[in-house]
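Before any comments, here is the structure.
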Amino acid sequence: MNSRFSRVLIITVLPEQKISLLQSKFCLCCLKADLQFLIHVKNFPKALQLLVLQPKVRKQKQEEGPSLWTLMKDPYIMVAAGAITFSNIGIAVLEPSLPLWMMDRMNASKWQQGVAFLPASISYLIGTNLFGPLGHKMGRWLAAMIGLIVIGVCLICVPLARSIEELIPANAGIGFAIGMVDSSMMPMLGYLVDIRHTSVYGCVYAIADVAFCLGFIIGPVFSATIVQKFGFEGSVCAVAFTSFLFAPLLVFLRKPRGKNTLKIVSQKNSSKYKLQSDDEQEEDDTPKSFMDEPICY
């Protein structure tokens, strides 16, 4: 059997099958076909499919999210981001100035200056885990507003401490209150994007990260400026006063206006969230006539 006949036989018998190991051995031994030719025969059906079918990749149309500038112009988002900033300014003011104040007033050692911030870290961990579900029940705006007020009260109590033992409750309260604000305002930002914009969350959580970092930028700069003029007590009281002033603004997050209203349909073991337009809600709120109600005998 000559090589020309063997090549014709391979093309006619095996054009649409993958050449297995046994088939390749048979062709090499019996039909005396070279390896390069077998590779071309194996790839021939694939090349034919690409030529005839011409597959294409079609990208699905993805919903475009709101721009960063659009979200920054939203007053509700700015209030939520401002709450994150002002809550973190309190601890940011204490970090550079509290150890120096402890050295002057308490004659504290180095380990005491470091341990003073440990209660704030532990209570922050407790507050964030506790007020995740609890803030949803009591209202996230209310939890954040109470958190800012608690931060202000604890900041005023810090200069009143005379020992490290008296300083621990104040720092623990600050950390717990910051956890209240952060765990409440982060979901609130996502909720505001859902009802007022498009459900794409990248830019809004970028704003949240910037607000968090902005608090730790403003805090040390503010502390260094005020401490030189009014002392440690004056800087701490000034930050507490700003927290008291900003807290009432969170009332606007109680019922934010949106493009769609969120209607909660509760079932036995789960809850469904159904987006419904304002016009549909007005139709649903209209009272039904007496004839539309079923009559039970």
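Bear in mind the structure is a predicted one, so any value in this text is a computation, not a measurement.
Across all non-hydrogen atoms, the minimal contact from Ala211 to Ala81 is CB-O, 3.4 Å. For the pair Gly90 and Val239, the tightest heavy-atom approach, listed with the atom from each and the gap, is CA-CG1, 3.9 Å. Here the closest heavy-atom approach between residue Met186 and residue Tyr205 is recorded as O-OH, 3.1 Å. Taking both residues in full, the closest heavy atoms of Asp182 and Pro187 are given as O-CD, 4.4 Å, listed atom of the first, atom of the second, then distance. Ile149 approaches Ala247 most closely through the heavy-atom pair CG1-CB, 4.0 Å. In terms of heavy-atom proximity, Ala177 sits nearest to Gly147 at CB-O, 3.3 Å.
No more than 12 heavy atoms of other residues, nucleotides or ligands shown are found within 6.0 angstrom of CZ on Phe252. No more than 12 heavy atoms of other residues, nucleotides or ligands shown are found within 6.0 angstrom of CE on Met72.
Criterion: ILVMFWY side-chain heavy atoms under 4.5 Å apart, direct or through other members. Under it, Trp101 and Phe230 are part of a common hydrophobic cluster. Ile168 and Phe117 fall into different hydrophobic clusters, where Ile, Leu, Val, Met, Phe, Trp and Tyr are joined by side-chain heavy atoms under 4.5 Å apart, directly or via other members. Grouping the Ile, Leu, Val, Met, Phe, Trp and Tyr side chains by contacts below 4.5 angstrom, directly or via other members, places Leu68 with Leu189. When the side chains of ILVMFWY residues are joined at heavy-atom separations under 4.5 Å, either directly or via intervening members, Val227 and Val236 end up in two distinct hydrophobic clusters. In the hydrophobic clustering of this structure, Val210 does not group with Ile89; members are Ile, Leu, Val, Met, Phe, Trp, Tyr whose side-chain heavy atoms approach within less than 4.5 Å, directly or through other members.
At a threshold of 4.5 Å between non-hydrogen side-chain atoms, the residues Leu155 and Leu94 count as touching. Contact annotation: the side chain of Tyr124 never approaches that of Ile174 to less than 4.5 Å [non-hydrogen atoms, C-beta and beyond]. Contact check for Met78 versus Ile207: side-chain heavy atoms found under the 4.5 Å cut-off.
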Should Ser109 and Trp111 be marked as a side-chain hydrogen bond (donor to acceptor under 3.5 Å, both in side chains) after you check the CA-CA gap, both sets of side-chain angles, and the distance that decides it? CA-CA 6 Å; Ser109 59; Trp111 72 269; 2.9 Å; yes

Evaluate Leu249 against Phe86 for side-chain contact (heavy atoms from CB on, under 4.5 Å), listing each step before the verdict. CA-CA 12 Å; Leu249 296 178; Phe86 281 98; over 6 Å; no

Run the side-chain contact (heavy atoms from CB on, under 4.5 Å) check on Tyr76 and Met188 step by step: do they pass? CA-CA 10 Å; Tyr76 294 100; Met188 177 61 73; over 6 Å; no

Does the pair Val115 and Ile164 meet the rule for a side-chain contact (heavy atoms from CB on, under 4.5 Å), with working shown? CA-CA 9 Å; Val115 169; Ile164 186 67; 5.7 Å; no

Give the C-alpha distance, both sets of side-chain angles, the deciding distance and a yes or no for side-chain contact (heavy atoms from CB on, under 4.5 Å) between Leu167 and Leu98. CA-CA 10 Å; Leu167 193 61; Leu98 182 61; 4.2 Å; yes

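Of the possible polar contacts, none joining the Ser184 side chain to the Val181 backbone as a donor-acceptor pair under 3.5 Å is found. The main-chain N or O of Arg162 is never found under 3.5 Å from a side-chain atom of Arg105 such that the two would form a donor-acceptor pair.
Rounded to the nearest 0.5 angstrom, Ser163 OG and Met102 CE are separated by 9.5 Å. Atom CZ of Phe232 and atom SG of Cys237 lie 9.5 Å apart (nearest 0.5 Å). Once rounded to the nearest 0.5 Å, the distance linking CD1 of Ile77 with CE of Met185 reads 12.0 Å. In this structure, CH2 on Trp69 lies 12.5 Å from CG on Asp74, to the nearest 0.5 angstrom. Rounding to the nearest 0.5 Å gives a distance of 9.5 Å between CZ of Arg254 and CE of Met145. With rounding to the nearest 0.5 Å, the separation of CZ in Arg140 from CG in Leu250 is 13.5 Å.
Of the residues Val150, Leu148, Asn88, Ile84, the one that meets the side chain to side chain contact (heavy atoms under 4.5 Å, CB included) test with Ile178 is Asn88. Just one of Leu71, Val204, Leu192 meets the side chain to side chain contact (heavy atoms under 4.5 Å, CB included) condition when paired with His197; it is Leu71.
In this structure, Phe176 and Phe131 have perpendicular ring planes: the angle between them is above 60°, well past the 30° mark.
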